[in-house]
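Below is one structure, written out as structure tokens; comments come after it.
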Amino acid sequence: MTRDTRFSALAADTRWQAAWDADNSFATPDIMRSDNDRPKAYILEMFPYPSGRIHMGHVRNYAMGDVLARFKRMTGHDVLHPMGWDAFGMPAENAAMEKGVHPGGWTRDNIASMRAQLKRLGLAFDWDRELATCEPDYYGQEQALFLALYEAGLVYRKESFVNWDPIDMTVLANEQVIDGRGWRSGALVEKKKLSQWFLKITDFAEELLHGLDTLDKWPDKVRLMQENWIGHSKGLQFSFKLTGSSDGFDVFTTRPDTLFGASFAAISPDHPLAAKLAANAPQLAEFIADCRRQGTSAEQLETAEKRGFDTGLTVEHPLDPNWHLPVWVVNYVLMDYGTGAVFGCPAHDQRDLDLARKYGLPVHRVIADGDHVAQVYESDEAYVGGGKLVNSHFLDGMSVDEAKAAVIARAEHQGWGKGTTVWRLRDWGVSRQRYWGTPIPFIHCDACGTVPVPSNQLPVVLPEDVDFSVPGNPLDRHATWKHVDCPSCGGKAVRETDTLDTFVDSSWYFLRFASAPADKPFDPDVIARWLPVDQYIGGIEHAILHLLYARFWTRALERLGMINVKEPFASLFTQGMVTHETYSRVQGEGLPPIFFAPTDIDRTGDGATLKADGSSVDVGRVIKMSKSKKNVVDPDNILEQYGADAARWFMLSDSPPERDLPWSEAGIEGAWRFVQRLWRVFGETQNLGDSAEDKALARKLHQAIAGIAMDIEALSFNKAVAKVHALTNDIEKSKPSATRAEACRTLILLVAPMMPHLAEEAWSELPDSQRTAHLVAHAAWPVVDAALLVDDEVTIAIQLGGKLRDTMTMAKGADKADVEAAALARPKIAEMLAGATPKKVIVVPDRLVNIVA
RNA sequence: GCGGGCGUGGCGGAAUUGGUAGACGCGCUGGUUUUAGGUACCAGUAUCGUGAGAUGUGGGGGUUCGAGUCCCUUCGCCCGCACCA
């Protein structure tokens with residue numbers, strides 16, 4: 001049989017994808033089978049939103065999970081590696097409005113084309129477990145879970161603000177608010193209060209915080225971000241009494257030590273007192289209305305210029321009844337945090353200082369900053385560091401922590417306040433005034449109030465006949481869907497027309513992947529076997545919200561006794577983005593630059609020209625691939641040109657997986673050339689040459705087997721790739737031998753998780769006697785000969801005063817004294833020492849000798 | 001603004017976690033093979049210096065026999081901020 005000198009990637013991709021399909025190679029084993037003694041591996045990548053096309057970020061994410069899943073299969077695990085679709089969400093409704101298509105049809109078409117793209121990558125998914133959150137068999141079960149949480153008292157309704165577009169008469173997402181205006185209408189966005197559904201995630205604040213301690217296989221940065229997000233803080237809650245009134249309001253502070261530096265009390269524009277005062281004060285009402293045009297995001301609130309309105313009221317200082325502080329309504333105090341009111345201490349809080357300087361309020365130092373102790377505070381930068389208390393009566397001389405404790409103790413003793421813990425975490429608002437989401441299974445009845453939909457009437461299915469020609473929620477104006485009989489009294493009633501936040505959909509999909517019975521959300525016994533997910537892989541942008549919500553949902557179901565796991569993801573890996581340089585040309589003053597796609601560009605040395613006319617364009621920074629900057633590379637073109645294995649290989653090469661990966665034409669071509677190079681090496685599997693053994697190569701082979709396995713386990717794919725390169729170099733440099741032939745055969749297995757099509761092709765060429773399975777997909781990872789892992793000689797560095805001067809080869813494990821003597825005996829070293837006796841000699845076994853002269 | 005992260009040759013990065021900085025790849029330079037281009041193969045490639053050598057991990061300072069790694073400080077870039085997914 002003659003062998004092609006070139007590996008035909010396209011033909012191999014098709015052939016082996018068909019073979020895996022026919023063989024059902026990646027079916028999930030029945031984990032409940034009675035004789036099962038294999039370890040399990042649940043490998044999960046964050047499921048994608050079906051936008052229509054996969055992008056390189058997906059390719060990278062799924063290539064990583066795939067390598068791990070295939071590797072785990074080779075190392076004898078029961079593997080669950082599923083794929084599905086986070087299929088509800090705004091883009092489908094936007095498409096409906098812009099193109100007149102139905103969100104369902106648009107979404108399902110997108111799923112079909114993205115599924116085909118993923119299949120072309122040769123990903124080892126169990127497609128039988130595919131799910132889409134927009135299908136009633138999924139969201140119906142989600143409704144059942146939502147009702148279970150409701151029964152358990154974890155769901156409630158309250159009034160809350162939304163971004164309201166007064167022209168389009170619709171609720172906007174934060175991303176639809178640009179510079180305070182609606183993205184379509186351009187209208188100034190207002191905050192509007194609506195009655196909405198909430199999940200009591202705050203009930204779990206403490207658990208979610210302490211649970212982080214058990215997640216030792218999560219990145220520290222993610223745990224830290226979640227810790228800060230949950231935001232456990234201890235402080236003082238106390239009441240300010242309004243001067244000349246028995247009324248007052250509560251404030252919370254984490255800095256009770258600075259109480260003597262107070263110069264005003266501040267309440268949120270959304271504080272009840274502000275609303276009460278505004279009723280008789282048109283200017284204050286106008287100020288509050290103005291604040292509500294700021295939008296709802298914390299970022300907008302905190303970056304906006306600090307502004308305030310003096311209500312004219314004053315409150316008594318709790319430590320000195322004769323000291324009166326003015327009460328201001330300020331735009332940076334959040335109603336959702338603490339009590340919605342604070343005292344302002346400008347010297348030691350930047351926001352308060354900004355406000356004080358703007359309105360000429362007093363600024364008193366109470367914490368000494370080194371030698372600076374004067375009460376009058378001059379700087380425009382607040383001092384937030386530690387130090388001794390000054391200008392603070394009985395607190396003078398104490399440290400910040402002592403003063404905090406002293407003030408709290410006095411407040412508790414005198415009865416005007418108490419030490420309190422507050423959480424930054426807020427309850428999760430899950431209401432969305434939109435069509436394309438899971439209907440919230442409730443019915444509003446004038447007589448009975450808000451009534452859950454009885455479980456035998458689930459799922460509440462979204463109506464298909466909806467009209468997107470006018471803005472707003474089509475469910476709300478649907479002619480028939482919302483009108484139902486009350487399940488309780490049988491009278492006329494209306495359905496809840498809000499749908500669930502799509503984060504709810506992604507908060508339990510990993511359970512449904514493991515077990516998806518038709519009549520209930522999941523089977524707890526099966527969940528008990530598969531969960532937790534052994535390796536979860538996704539973008540760092542999900543570090544807080546998605547991951548926190550999924551943890552909460554899992555704990556809530558556990559509290560309800562529905563499952564027995566507390567933490568859904570045992571190990572988390574956050575991969576970096578795929579980036580590309582940008583090509584642009586300025587159009588003229590005031591105009592945004594025009595961007596060009598990489599496919600329209602010829603890259604020359606340090607510049608770039610347009611293919612169409614050869615004119616030059618500017619090469620811009622390397623940034624995340626995005627449609628608006630046109631710096632995207634379509635995976636389909638790459639697959640067609642180079643095949644799946646080259647694409648996968650490039651995604652895994654070079655950049656550490658947690659860091660960004662800059663896509664380049666040169667890079668993918670390099671990967672493609674390496675695929676061809678391996679193909680040639682795989683042609684040497686039967687070339688025994690003259691010698692039977694090549695000890696040095698055997699050593700390198702076994703070091704590679706062990707090293708690559710370790711790197712894959714650690715998801716350090718770039719290092720695994722480097723080791724494959726190094727072994728390939730070693731094989732090519734060595735003379736034909738039985739060892740070399742064996743190394744070539746073993747190399748097939750080593751690259752199989754990363755380049756499965758090439759591996760199958762090479763594997764199929766081996767005689768049956770050299771194959772442990774008919775497909776490499778079923779083959780076992782090669783066994784390491786531990787005796788070959790250690791070298792018997794090591795190179796030892798010789799330093800003089802920490803600078804490298806010489807190296808020598810010694811037997812591994814050589815005695816310290818021998819190593820020292822050998823180093824001192826080196827002619828170069830002796831010459832440099834010139835007979836002087838070293839002060840000190842440091843010997844690091846098998847590593848180096850440092851001689852301090 | 002708040003929270004988190006990253007920074008090493010022309011480029012992506014490696015460095016057994018305080019012990020020979022630059023593995024491996026890309027690119028580039030020179031050469032061989034090929035009708036030619038591509039492919040493939042061989043050699044070289046941190047910087048300065050003819051050399052011995054010196055310098056070098058964003059900048060500055062420190063700890064240490066020894067720092068890319070630890071500490072302080074500073075600059076730049078990226079991610080998240082609760083209705084994007």
Side-chain angles (χ1 to χ4, degrees), chain A residues 5-6 46-49 51 86 88-91 162-163 171-177 201 219-222 224-229 231 296-304 306 332 336 350-351 354 424-434 501-503 506 539-546 548-549 574 576-577 579 605-606 621-624 650 653-656 658-662 664 666-667 669-671 673-674 676-677 680 716 718-719 721-726 729 732 795-807 839-842 844 847-853:
Chain A
T5 51
R6 306 291 288 173
M46 291 180 185
F47 66 167
Y49 179 79
S51 57
D86 190 11
F88 274 136
M90 282 202 309
V162 293
N163 294 312
V171 176
L172 299 177
N174 283 339
E175 71 159 10
Q176 296 173 319
V177 180
I201 191 172
D220 288 342
K221 62 178 172 182
V222 175
L224 194 55
M225 280 192 257
Q226 291 215 350
E227 190 181 318
N228 289 331
W229 186 262
T296 57
S297 86
E299 185 190 1
Q300 283 167 325
L301 235 53
E302 288 178 34
T303 50
K306 308 294 175 275
Y332 60 86
D336 291 318
Q350 190 60 48
R351 294 168 303 177
D354 291 345
R424 210 185 73 100
L425 184 67
R426 309 198 300 256
D427 274 340
W428 176 12
V430 292
S431 277
R432 297 294 180 270
Q433 294 70 37
R434 289 185 233 291
D501 179 5
T502 56
F503 274 126
S506 53
I540 183 68
E541 65 272 22
H542 297 288
I544 296 174
L545 292 181
H546 161 60
L548 192 64
Y549 290 149
T574 54
M577 299 175 301
T579 58
D606 42 4
R621 285 197 308 124
V622 177
I623 56 170
K624 179 180 183 172
F650 178 54
S653 303
D654 294 355
S655 285
E658 69 277 10
R659 253 194 263 175
D660 290 351
L661 172 94
S664 73
E669 279 177 16
R673 283 199 300 268
F674 187 66
Q676 297 299 339
R677 193 170 150 210
R680 289 191 297 274
S716 299
N718 57 321
K719 296 186 206 170
V721 163
K723 287 184 177 122
V724 169
H725 272 289
N729 290 346
E732 285 182 331
T795 307
I796 292 179
I798 306 170
Q799 298 179 336
L800 279 182
K803 284 188 195 293
L804 181 72
R805 295 300 176 190
D806 199 3
T807 59
K839 274 190 205 143
K840 193 171 170 188
V841 179
I842 291 139
V844 182
R847 249 175 214 283
L848 64 66
V849 181
N850 187 14
I851 300 157
V852 186

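The chains referred to below are lettered A, B, ... by the order of the sequence lines, with proteins before strands, and numbering in each begins at 1. Computation of the quantities below employed the complete heavy-atom set of this structure, encompassing side-chain atoms and omitting hydrogens, waters and symmetry-equivalent molecules.
Between A/Arg426 and A/Ile201, the shortest heavy-atom distance links the atoms O-CG2, 3.2 Å. Contact between A/Pro662 and A/Phe650 at its shortest, heavy atoms only, is O-CZ, 3.9 Å. Residues A/Ala543 and A/Met225 share a closest heavy-atom pair of CB-CE, 3.9 Å. In terms of heavy atoms, A/His546 sits closest to A/Ser506 at CE1-O, 3.1 Å. For the pair A/Gln226 and A/Ile544, the tightest heavy-atom approach, listed with the atom from each and the gap, is NE2-O, 3.7 Å. A/Trp428 approaches A/Phe503 most closely through the heavy-atom pair CZ2-CB, 3.6 Å.
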Do any N or O atoms of the protein come closer than 3.5 Å to N or O atoms of nucleotides 77-80 of chain B, and which pairs are they?
residue: B/C77; atom: O3'; partner: A/Arg621; partner atom: NH1; Å: 3.4
residue: B/C78; atom: OP1; partner: A/Arg621; partner atom: NH2; Å: 3.0

Which atom pairs link the protein and nucleotides 17-20 of chain B when you take only N or O atoms and keep those under 3.5 Å?
residue: B/G19; atom: N2; partner: A/Asn850; partner atom: ND2; Å: 3.4
residue: B/U20; atom: O4; partner: A/Thr795; partner atom: O; Å: 3.4

Shorter than 3.5 Å, N or O on both sides, protein versus nucleotides 62-64 of chain B: list them out with atom names.
none

Restricting both atoms to N or O, compile the protein contacts to nucleotides 37-45 of chain B shorter than 3.5 Å, with distance only.
residue: B/U39; atom: O2'; partner: A/Arg6; partner atom: NH1; Å: 3.2
residue: B/A40; atom: O3'; partner: A/Arg680; partner atom: NH2; Å: 3.4

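If you take atom P in B/U63 and the same atom in B/C72, they sit 15 Å apart, rounded to whole Å. Comparing B/G61 with B/A23, their P atoms are spaced 29 Å from each other, to the whole Å. To the nearest whole angstrom, the two P atoms, one in B/C79 and one in B/G31, are 45 Å apart. For the P atoms, the distance linking B/U69 with B/A15 amounts to 15 Å, nearest Å. B/U17 and B/G68 have their C1' atoms separated by 11 Å, given to the nearest Å. Taking atom P on both B/C11 and B/G27, the two are 15 Å apart, rounded to the nearest angstrom. Straight-line distance between the P atoms of B/G10 and B/G59: roughly 13 Å, to the nearest whole Å. Distance noted for atom C1' between B/U57 and B/C70: 15 Å (whole Å).
Taking the six-membered ring where the residue is Trp, A/Phe674 and A/His725 present tilted rings, their angle falling between 30° and 60°.
Within 4.0 Å (heavy atoms only), A/Ala543 reaches no atom of the nucleic acid at all. Residue contacts for A/Val721: at a heavy-atom cut-off of 4.0 Å it reaches no nucleic acid atom on any strand shown. Residue-level contact check: A/Ser431 touches the bases, meaning some heavy atom is under 4.0 Å from a base atom. Residue A/Gly429 is in sugar-phosphate contact alone, with no base atom involved, counting any heavy-atom pair closer than 4.0 Å across all strands shown. A/Val841 comes within 4.0 angstrom of nothing in the nucleic acid, heavy atoms only. When heavy atoms are screened at a 4.0 angstrom cut-off, A/Pro219 is found touching no nucleic acid atom at all. Residue A/Asn729 is in sugar-phosphate contact alone, with no base atom involved, counting any heavy-atom pair closer than 4.0 Å across all strands shown. The residue A/Arg424 sits close to a base: some heavy atom pair falls under 4.0 Å.
Atom CD of A/Glu227 and atom CG of A/Asp220 lie 10.5 Å apart (nearest 0.5 Å). The CG atom of A/Leu804 sits 10.0 Å away from atom CG of A/Asn850, with the distance rounded to the nearest 0.5 Å.
Spacing between atom OH of A/Tyr549 and atom C1' of B/C81 amounts to 11 Å, rounded to whole angstrom units. Rounded to whole Å, the distance from NE2 on A/His546 to P on B/C81 is 14 Å. For the pair A/Lys221 NZ and B/G7 P, the computed distance is 11 Å after rounding to whole Å. When the P atom of B/G4 is taken as reference, atom CG of A/Leu548 falls 16 Å away, rounded to whole Å. Atom NE2 in A/His725 sits about 13 Å away from atom C1' in B/A14, given to the nearest Å. The interatomic distance linking A/Lys803 (NZ) with B/A21 (C1') rounds to 13 Å, in whole Å. When rounded to the nearest whole Å, the span between CG of A/Asp220 and P of B/C6 equals 10 Å. Summarising the geometry, the separation between CZ on A/Arg426 and P on B/C81 is reported as 12 Å, rounded to the nearest angstrom.
No donor-acceptor distance shorter than 3.5 angstrom exists from the side chain of A/Asp660 to the backbone of A/Gly576, with no hydrogens or angles considered. Remark: side-chain polar atoms of A/Thr807 are not paired, donor with acceptor, to backbone N or O of A/Ile796 under 3.5 angstrom. A donor-acceptor pair is defined here as one N or O able to donate and one able to accept, closer than 3.5 Å; no such pair exists between the side chain of A/Asp86 and the backbone of A/Pro48.
Here B/G49 is in the anti range [glycosidic angle more than 90° from 0]. For B/U8, the O4'-C1' to base torsion is more than 90° from 0; the nucleotide is therefore anti.
When Watson-Crick and G-U wobble pairs are counted only if both distances are under 3.5 Å, B/C2 pairs with B/G80. In this structure B/C24 sits in a base pair with B/G12, meeting the Watson-Crick or G-U test at under 3.5 Å.
At B/C81, none of the side-chain N or O atoms of A/Asn174 fall inside 4.0 Å of OP1 or OP2 (strictly under the cut-off). For B/A14, one of the phosphate oxygens OP1 or OP2 lies less than 4.0 angstrom from a side-chain nitrogen or oxygen of A/Arg659. Note on A/Thr502: a side-chain N or O is less than 4.0 Å away from OP1 or OP2 of B/A85.
Relative to the side chain of A/Tyr49, the nucleotides B/U55, B/A23, B/A85 differ in distance, and B/A85 lies closest. Of the candidate nucleotides B/C65, B/G12, B/A85, B/C65 has the atom nearest to the side chain of A/Val852.
At a cut-off of 3.5 angstrom, counting only N and O atoms as typed in the model, there is no donor on one side facing an acceptor on the other between the side-chain of A/Asn228 and the base of B/G3.
Side-chain contact between A/Val222 and A/Ile540: present, with at least one pair of heavy atoms (C-beta onward) separated by less than 4.5 Å. A/Asp654 has its side chain out of reach of A/Asn718: every pair of non-hydrogen atoms, C-beta onward, lies at least 4.5 Å apart. Inter-residue side-chain proximity for A/Arg432 and A/Val162 is flagged as unmet; no heavy-atom pair is nearer than 4.5 Å. Contact annotation: the side chain of A/Lys221 never approaches that of A/Leu224 to less than 4.5 Å [non-hydrogen atoms, C-beta and beyond].
Residues passing the ring-ring contact (aromatic ring centres under 6.0 Å, His included) test with A/Tyr332, sequence neighbours excluded: none. For A/Trp229, there are no ring-ring contact (aromatic ring centres under 6.0 Å, His included) partners at least two apart in sequence or on another chain.
Position along RNA chain B of the nearest nucleotide to A/Ala722 versus A/Phe503 favours A/Ala722 as the more 5'-ward residue. For the pair A/Leu224 and A/Asn718, both in contact range of RNA chain B, the more 5′-proximal nearest nucleotide belongs to A/Leu224.
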